[in-house]
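Numbers here simply count residues along the sequence, with the first being 1.
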Amino acid sequence: MRALLCPTPQIFRPYGESFPAPTGIALAQEGSALLSAAAAAAVSGMFTRLLAGGSGPVGFPVRLRRTPMELPDAYRLHVRPSDAVVEAASAAGAHHALATLCQLCMDERGLRECKVEDAPMLPVRGYMLDISRNRVPRMQTLEDIADLLWLLKFNQFQLYTEHTFAFSGHERVWQSASPLTANEVRTLQDCCGARGIELVPNLNSLGHFERWLRHPEYGHLAETPGGTVLPGGRVLEHCTTLAPGDTAIDFLRGLYAEFLPLFESSQFNGGLDEPWELGFGRSRERCEREGKQAVYLDHLLQVAQLAAEHGKRLQFWADIVLEDPDCVAALPKDVTGLVWGYEADHPFEELSEHFAASGIPFILCPGTSTWNSIGGRWPTAEANIRSCAAAALRNGAQGILLTDWGDNGHHQPLCVSLPPLVHAAQLAWSARPGRPVADVIDALILRDPSRRVGMALLTLGSLPAHLSPHIHNNSWLSRFLFSGHRARRELLREVDAGELHEVCERIQWLREELDAVAAQGSTSRMRLPRSVVGSLHDAIAEQLCAADLLEVAAFQALAELGAAAESPGDTDTRFRQAIRQFEATWHQRSRPGGLDDSVRRLVGRL
């Protein structure tokens, strides 16, 4: 019997017979405690929730022993019919051992005697979720994500924040966004801390400030008040970049004083990426005199000093520094560069060498490739994460931070990020391929008895690969859905009707699979095991909604190619139904703030 584990342990030795898996555990800490009382209670509670409904013992003894290890996150696990013994040198190692045990207990075939020896290949294994492009998760969703990260042995969690924290005195900025409050951050901090996950504060501190700078009272902070036109013709209606200088630093100092003390982490992601207007407005003369890189580095150093005043080390997106790789050597050694890129062929190897040669700590950042896609771009994500993890290992990166962005309205549901999360967890820990991603999703995350939903997710995420055009950071169907008439005509030059018909056939197969699983669940008297993130029903509804929106795009494209399978009126009716379903599935996991804007972007196509 081969165990289904993710990430796969370095050494796994099964022996003996199987026995009924427990439905709960009784933790006993021998000698010096490895886990705090809060952590022990949280882990025991997760076992109870995830294993409820089984027939095994409720209080299966699990003994924790503090034991010296070569690596701080390493552990040994010995499972017997009478008990399980965990040996670790740290709380982190104990958490990882218990996550492995929890996965073993999820096996419907029962638990088997075994010995496990394990340790991660990369020290940092992080996940960052964008909460600033309209979709702010409900607290239950954030806590579910923390459970998932614990189960997959991630150890960092970040929430990308621009305006979605309820800063005092800045209600104008966040009043319609359903932001996180200070108390909610503290609650999430406690939740993550009890699971051995470092909740790293994340607040952009130079670019991507459009949600603030669009309001007149913040105009004095803007690099280009009133917006600008960038080289190449891109029009920015509202300024997105702070004007570097004392005024901006004083403003950030006030934000940090309220935000950073809420987090126990010694790290702070200050962003600092994509300051589009830098050098085109208030800082023009200074940039011409000193150079854009020098002005940027001065702002970075001041932000790092502000972070240090709160006992935190600055992480920053490294795109601007890498425009002139010689600047990497000018960085202080107490900052951490975040080298990001999201396409299959992103040059992680080349870019990481600049940091490795300089001795500046760095983390490589692949993406889920779910944003601007609705249903995901799984082949792109798979290759991007694979090359990123390999480059991180070869070049001495601290680890990887998997980014999950929400550009242009965050229309993709949470479930389409599951395949990249599983893939990144496997490679960051084990550095080698593991069990099939669909199997892991079905058995360990969604707990689908039919073992069909995971493959449906991969099918949904692979739809872009069946169309010839490859669009950077986007999928063809999603781009088409949100484009106006002129842009759609250009897009139609790149695709043929046969490819679109194939996509429609795959969507129909996917819908039949998911409908069958849903019907089986509604008629079965068997109690379904609890999914780690929400419910199996939620994941099915989200996938069907994403499939409906993508099918509308395909039908519309076929109509405009003169190969329509239905009338334009039918397609519009289908689209309105899909929008109603989008609103319903949004409320399952996300707060109401931002929904109107995301729907408005969809309705604009009608």
Side-chain angles (χ1 to χ4, degrees), residues 3-13 34-35 39 43 64 66-78 86-104 114-128 145-158 192-193 195-200 265-267 315 336 338-339 348 352 356 361-366 385-403 420-435 437 440 444-445:
L4 199 159
L5 298 170
C6 179
T8 51
Q10 307 298 346
I11 299 175
F12 177 73
R13 297 192 181 97
L34 280 165
L35 298 181
V43 170
L64 306 183
R66 186 178 293 276
T67 306
M69 296 280 171
E70 291 186 11
L71 297 173
D73 283 10
Y75 70 89
R76 288 192 290 268
L77 171 66
H78 187 188
V86 170
E87 295 180 324
S90 66
H95 276 293
H96 301 328
L98 290 166
T100 298
L101 177 61
C102 189
Q103 292 186 15
L104 288 168
C114 64
K115 292 184 178 180
V116 182
E117 297 181 31
D118 204 8
M121 298 296 291
L122 290 173
V124 174
R125 304 169 304 282
Y127 172 62
M128 188 215 77
I145 292 171
D147 285 351
L148 175 63
L149 297 180
W150 176 84
L151 191 69
L152 295 178
K153 301 186 176 71
F154 283 87
N155 59 3
Q156 273 193 17
F157 185 22
Q158 301 189 17
C192 290
R195 288 154 178 77
I197 297 166
E198 183 179 3
L199 183 64
V200 178
S265 170
S266 61
Q267 311 288 320
Q315 299 178 350
T336 302
L338 303 175
V339 181
F348 284 115
S352 61
F362 66 102
I363 294 170
L364 298 188
C365 306
I385 294 167
R386 177 164 30 86
S387 68
C388 176
L393 284 164
R394 282 193 293 266
N395 293 287
Q398 291 183 342
I400 68 171
L401 175 66
L402 179 66
T403 59
L421 272 161
V422 168
H423 187 48
Q426 173 64 32
L427 294 181
W429 182 279
S430 297
R432 64 180 189 272
R435 299 299 297 276
V437 168
V440 173
L444 301 181
I445 301 175

Tell me, with the steps shown, if Leu199 and Ser265 meet side-chain contact (heavy atoms from CB on, under 4.5 Å). CA-CA 6 Å; Leu199 183 64; Ser265 170; over 6 Å; no
Any [X] side-chain heavy atom under 4.5 Å of [Y] side chain:
| X | Y | value |
| --- | --- | --- |
| Leu421 | Leu149 | yes |
| Glu198 | Val200 | yes |
| Leu402 | Met128 | no |
| Leu427 | Ile400 | no |
| Val339 | Ile363 | no |
| Leu101 | Leu77 | yes |
| Leu151 | Cys102 | yes |
| Lys153 | Pro7 | yes |

Gap between atom [atom2] of [Y] and atom [atom1] of [X] - 0.5 Å precision:
| X | Y | atom1 | atom2 | result |
| --- | --- | --- | --- | --- |
| Gln158 | Cys365 | CD | SG | 8.0 Å |
| Asn155 | Trp429 | CG | CH2 | 8.5 Å |
| Asp73 | Asp118 | CG | CG | 10.0 Å |
| Arg66 | Leu34 | CZ | CG | 4.5 Å |
| Ile445 | Leu148 | CD1 | CG | 5.0 Å |
| His96 | Trp150 | NE2 | CH2 | 11.0 Å |

Assess the side chains of [X] and [Y]: does a donor N or O sit below 3.5 Å from an acceptor N or O?
| X | Y | answer |
| --- | --- | --- |
| Arg432 | Gln10 | yes |
| Thr336 | Gln315 | no |
| Tyr75 | Ser90 | no |

How far apart are the closest heavy atoms of [X] and [Y], and which atoms are they?
| X | Y | answer |
| --- | --- | --- |
| Gln398 | Pro123 | O-CD, 3.0 Å |
| Leu122 | Ala397 | CD2-O, 4.1 Å |
| Arg435 | Ala3 | NH1-O, 2.7 Å |
| Ala146 | Ile197 | O-CD1, 3.3 Å |
| Leu104 | Cys114 | CD1-SG, 3.9 Å |
| Ser352 | Asn395 | OG-ND2, 3.2 Å |

Hey, is the main chain of [Y] close enough, under 3.5 Å, to the side chain of [X] for a donor-acceptor pair?
| X | Y | result |
| --- | --- | --- |
| Glu117 | Phe12 | no |
| Ser430 | Thr8 | yes |
| Gln156 | Val124 | no |

Show your working on side-chain contact (heavy atoms from CB on, under 4.5 Å) between Val43 and His95 and close with a plain yes or no. CA-CA 8 Å; Val43 170; His95 276 293; 3.8 Å; yes
Give the ring-plane orientation class for Phe157 versus Tyr127, where under 30° counts as parallel, over 60° as perpendicular and anything between as tilted. parallel
Results of salt bridge (Lys or Arg N to Asp or Glu O under 4.0 Å) for Arg386 - residues two or more places apart only: Glu382
Just wondering, more than 12 heavy atoms not from Arg13 lying within 6.0 Å of its CZ? no
Passes side-chain contact (heavy atoms from CB on, under 4.5 Å), Leu35 versus Leu98? Steps please. CA-CA 11 Å; Leu35 298 181; Leu98 290 166; 3.8 Å; yes
Please report the C-alpha distance between Arg76 and Thr67 in whole Å, then the side-chain angles of each, then the deciding distance to 0.1 Å, and finally whether the side-chain contact (heavy atoms from CB on, under 4.5 Å) criterion is met. CA-CA 9 Å; Arg76 288 192 290 268; Thr67 306; 3.5 Å; yes
